[in-house]
Amino acid sequence: MDAFSDLIRGVRAHGSLFGASTLSPPWALHFVDGAPLTLCTVLSGAGWIVPEHRPPEPLRARETIVVRGPATFTFVDEVGTRAEPIACGEHCATPEQGGTRHRRGWNDPGEDDCGGDAGDAGDAGYAGDAGGAGDAGDAGDAQDAGDGRGATTLIVGAYPVRGEISRRLLDALPVVLRVEGGGTADAVLDHLAAEVSVDTPGQQVVLDRLLDWMLVCTLREWFDRPGGEPPAWWAAQRDPVVGDALRLLHAEPAAPWTVAALADHTGVSRSTLAKRFADLVGEPPLTYLTRWRMTLAADLLVERQAATVADIARTVGYSDPFGFSAAFKRVRGINPSEFRRTATTLTSLRN
């Protein structure tokens with residue numbers, strides 16, 4: 001298990017709600033849920049993503065933008081559009097205006113709006129009508145999105161982020177990131193376009209997995225972009241020594257690791273491993289391991305309500321629950337029992 005796979009495993013599209021939208025200008029779709037991560041891409045046409053309190057970002061055909069919540073954003077045909085914003089969220093009501101049609105889900109034939117309960121807002125996704133893709137023509141410049149040459153086909157996938165593990169991934173991302181077309185995500189877009197153009201059994205599962213695949217490809221390309229500044233753990237994974245050490249720590253976090261044991265497994269001296277790891281990751285190997293164990297423990301404390309603190313301690317590699325509690329408080333500033341009570345209360349309030 002590598003660090004990226006561990007961090008992204010709690011970011012999953014599940015039960016995403018796809019609506020069919022043929023966007024002809026003017027339009028303004030305001031995505032109001034403020035999901036932790038929202039991926040926006042267009043199969044054809046173009047428009048603008050306008051994040052809350054951020055400058056507008058053009059979005060052309062086959063480009064992708066990821067917006068980090070909790071701020072909301074709007075997708076418009078042009079900056080300063082005359083269209084009245086249409087709120088899209090858990091209860092998405094789309095009036096007949098702005099040349100926009102929208103319906104909730106592919107399994108709601110005959111409905112032209114998405115009123116009522118649209119499911120979990122954190123899992124909500126919206127997709128443009130792929131039927132307009134063939135008529136859209138060349139996207140051109142985003143400023144030309146509203147010139148009436150064709151429909152703009154939008155796909156939006158909103159991802160819930162569950163637990164402390166995936167929050168470490170969020171911390172590594174800016175509020176808005178963009179990836180140009182022409183990369184590995186293009187193949188996923190082709191599959192998405194084909195899937196949303198038909199209504200077949202099992203479609204929801206396919207769409208969920210395609211959205212997951214799309215997000216992974218997008219983040220990979222953003223981290224690897226020329227001149228970028230990826231998080232230390234991303235760059236360190238490519239190092240033949242430190243990368244191996246990280247994979248060992250993530251594969252077996254509860255193992256009784258020492259610097260000597262890691263050095264033996266990676267084929268270098270203790271001093272070489274310790275220096276190389278600290279230089280690339282920004283902290284010593286066992287400090288990294290302790291923080292990772294406490295992140296795992298934080299999620300287990302919430303997910304396994306019947307487990308005792310001692311049970312959680314053993315799961316993450318501590319035979320002594322008192323030593324575990326001391327490490328947890330040192331890293332997170334709160335003891336395990338208090339963390340569990342607070343996190344459980346917050347989860348109940350959100351639900």
Side-chain angles (χ1 to χ4, degrees), residues 13 16 18-35 37-69 71-83 85-88 98-100 102 124-130 132-133 135-159 173-190 192-193 196 210-211 214-215 217-222 225:
S16 300
F18 281 81
S21 297
T22 301
L23 299 172
S24 56
W27 74 76
L29 301 182
H30 185 201
F31 293 90
V32 298
D33 286 332
L37 276 183
T38 307
L39 181 146
C40 310
T41 188
V42 289
L43 296 176
S44 60
W48 290 80
I49 296 290
V50 185
E52 187 177 11
H53 309 307
R54 304 278 299 187
E57 293 277 354
L59 185 60
R60 304 173 184 87
R62 305 185 83 83
E63 293 181 339
T64 301
I65 286 178
V66 176
V67 182
R68 178 166 58 84
T72 65
F73 68 93
T74 306
F75 181 63
V76 299
D77 59 302
E78 61 181 358
V79 177
T81 182
R82 60 185 171 84
I86 295 168
C88 292
T100 298
H102 190 284
Y126 306 88
D129 183 357
D135 302 327
D138 185 10
D141 189 273
Q143 287 282 15
D144 296 329
D147 65 1
R149 288 184 301 168
T152 290
T153 304
L154 171 70
I155 290 178
V156 176
Y159 300 81
L173 302 178
V175 175
V176 179
L177 67 89
R178 110 179 347 268
V179 171
E180 304 294 330
T184 56
D186 274 18
V188 192
L189 282 176
D190 292 336
L192 278 170
V196 298
L210 285 173
L211 280 174
M214 184 73 184
L215 181 64
C217 289
T218 299
L219 294 182
R220 280 174 176 170
E221 293 204 19
W222 188 78
R225 72 199 188 283

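Note that the coordinates shown come from a computational prediction; the quantities given were computed from them, not determined experimentally. Positions are given from 1 along the sequence.
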Next on the checklist: Can you give me the closest heavy-atom contact between Pro56 and Val79, atom names plus distance?
Outcome noted: CB-CG2, 3.8 Å
Checklist entry - Do the side chain of Tyr159 and the main chain of Leu211 share a donor and acceptor less than 3.5 angstrom apart? => result yes
Next on the checklist: Looking at Asp77 and Arg82, is there a salt bridge between them, counting it only when a charged N and a carboxylate O are closer than 4.0 Å?
Outcome noted: no
Next on the checklist: Just verifying a value: how many Å separate Glu221 CD and Glu180 CD, rounded to the nearest 0.5 Å?
Outcome noted: 10.0 Å
Next on the checklist: Determine whether a donor-acceptor pair (N or O, by modelled atom type, separation under 3.5 Å) exists between the side chain of Glu57 and the backbone of Ile49.
Outcome noted: no
Item to check | Any side-chain heavy-atom pair of Leu59 and Phe75 under 4.5 Å | outcome: yes
Checklist entry - Taking the side chain as C-beta and beyond, is there a heavy-atom pair between Pro58 and Arg178 under 4.5 Å? => result yes
Item to check | Cys40 side chain near Phe31 side chain, heavy-atom distance below 4.5 Å | outcome: no
Item to check | Close side-chain approach of Trp27 and Thr152, heavy atoms under 4.5 Å | outcome: yes
Next on the checklist: Keeping Thr41 on the side-chain end and Glu63 on the backbone end, is there a donor-acceptor pair under 3.5 Å?
Outcome noted: yes
Next on the checklist: Working to the nearest 0.5 angstrom, can you tell me the gap between Arg62 CZ and Leu43 CG?
Outcome noted: 7.0 Å
Next on the checklist: So does Val175 get a backbone contact from the side chain of Arg54, meaning a donor-acceptor N/O pair under 3.5 Å?
Outcome noted: no
Checklist entry - Can you tell me how far the CD1 atom of Ile65 sits from the OG1 atom of Thr218, to the nearest 0.5 Å? => result 11.0 Å
Checklist outcome for this item: Separation between CD1 (Ile155) and CG (Leu192), nearest 0.5 Å, reads 4.5 Å
Item to check | Pairwise side-chain contact, Leu29 with Val156, heavy-atom cut-off 4.5 Å (strictly under) | outcome: no
Next on the checklist: Using only atom types and a distance under 3.5 Å, with no angle test, would you say the side chain of Thr72 pairs donor to acceptor with the backbone of Gly34?
Outcome noted: no
Next on the checklist: Restricting to non-hydrogen atoms, name the atom on Pro85 and the atom on His30 that form the minimum distance, rounded to 0.1 Å.
Outcome noted: CB-CB, 4.3 Å
Next on the checklist: Against Met214, only a single residue in Leu189, Thr184, Leu219 fulfils side chain to side chain contact (heavy atoms under 4.5 Å, CB included); can you say which?
Outcome noted: Leu189
